[in-house]
Amino acid sequence: MPAFISDIMLALLGGILLGLSVVGYLFCNGRIAGVSGLIAQVFNPKSIFKTPAIWFLSGLLLTPFLYGFIFKPQITLVTSSPMILILAGLLVGFGTSLGSGCTSGHGICGISRLSKRSIVATSIFMLSGFITVYVIRHVIGVEL
């Protein structure tokens, strides 16, 4: 089987598993599986031991290691400076707060529920990403 087909199949499998996990979390817990909301539950001292969010987030963190152990993917090194990465993380956190949720919450959970707010938010996320890549690559001229 050609390499790109196996990559497509793995991406499809990943999407299916992600969709099933989101639906399963909603069905079993009656809550949306948006990552920013789950993180907020874990960092809330009153609910840390009462919420299944810790298990869902643990799965998100441990699954890439399991995937790497089984499939031995090519390793990509991050060459950005630590300050750029910190700035990017702060901007993502600010955007999550400003947008009342993260990309997973709006893009996966919200759109699947046909939430108008999530459709608009995800459209803005995507458009912002397109514009950012265009400006960085074609206006400023930085190769990523």
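Owing to the predicted nature of the structure, the values given are computational and were not obtained by experimental measurement. These values consider heavy atoms only, across backbone and side chains, with no hydrogens, waters or symmetry-generated copies.
- F94 shares a hydrophobic cluster with L98; the chain of contacts runs through ILVMFWY side chains whose heavy atoms sit under 4.5 Å apart.
- Residues G34 and C102 come closest through the heavy atom pair C-SG, 4.2 Å.
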Checklist line | Criterion side chain to side chain contact (heavy atoms under 4.5 Å, CB included) on F56 and N29, from CA distance to verdict | finding: CA-CA 11 Å; F56 192 91; N29 301 298; over 6 Å; no
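- The structure places CE of M126 at 12.0 Å from CD1 of I131, a figure rounded to the nearest 0.5 Å.
- Of the inter-residue distances, the one linking I86 atom CD1 with S80 atom OG reads 12.0 Å to the nearest 0.5 angstrom.
- Residues F125 and V35 do not share a hydrophobic cluster, defined by chaining ILVMFWY side chains whose heavy atoms lie under 4.5 Å apart.
- Residues L13 and L18 do not share a hydrophobic cluster, defined by chaining ILVMFWY side chains whose heavy atoms lie under 4.5 Å apart.
- Residues Q41 and K50 fail the side-chain proximity criterion, which asks for heavy atoms closer than 4.5 Å.
- Note on W55 and I39: same hydrophobic cluster, where clusters join Ile, Leu, Val, Met, Phe, Trp and Tyr whose side-chain heavy atoms are under 4.5 Å apart, directly or indirectly.
- Contacts of T96 classified as side chain to side chain donor-acceptor pair (under 3.5 Å), with partners at least two apart in sequence or in another chain: none.
- Residues R117 and S100 are in side-chain contact: their nearest non-hydrogen atoms beyond the backbone lie under 4.5 Å apart.
- Closest heavy-atom contact between G110 and S118: CA-OG, 3.3 Å.
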Next item on the list: Start with the C-alpha distance between I32 and Y25, add both sets of side-chain angles, then the distance that settles side chain to side chain contact (heavy atoms under 4.5 Å, CB included), and finish with yes or no.
Entry: CA-CA 7 Å; I32 303 296; Y25 193 83; over 6 Å; no
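- I16 and I111 end up in different hydrophobic clusters when Ile, Leu, Val, Met, Phe, Trp and Tyr side chains are linked at under 4.5 Å.
- Distance check: L127 CG to T122 OG1 gives 12.5 Å after rounding to the nearest 0.5 Å.
- The hydrophobic clustering, which links ILVMFWY residues whose side-chain heavy atoms are closer than 4.5 Å, places I108 and L17 apart.
- With respect to S58, the side chain to side chain contact (heavy atoms under 4.5 Å, CB included) criterion is satisfied by exactly one of I54, L61, L60: I54.
- The line from OG1 of T79 to CD1 of I84 is 11.5 Å long, rounded to the nearest 0.5 Å.
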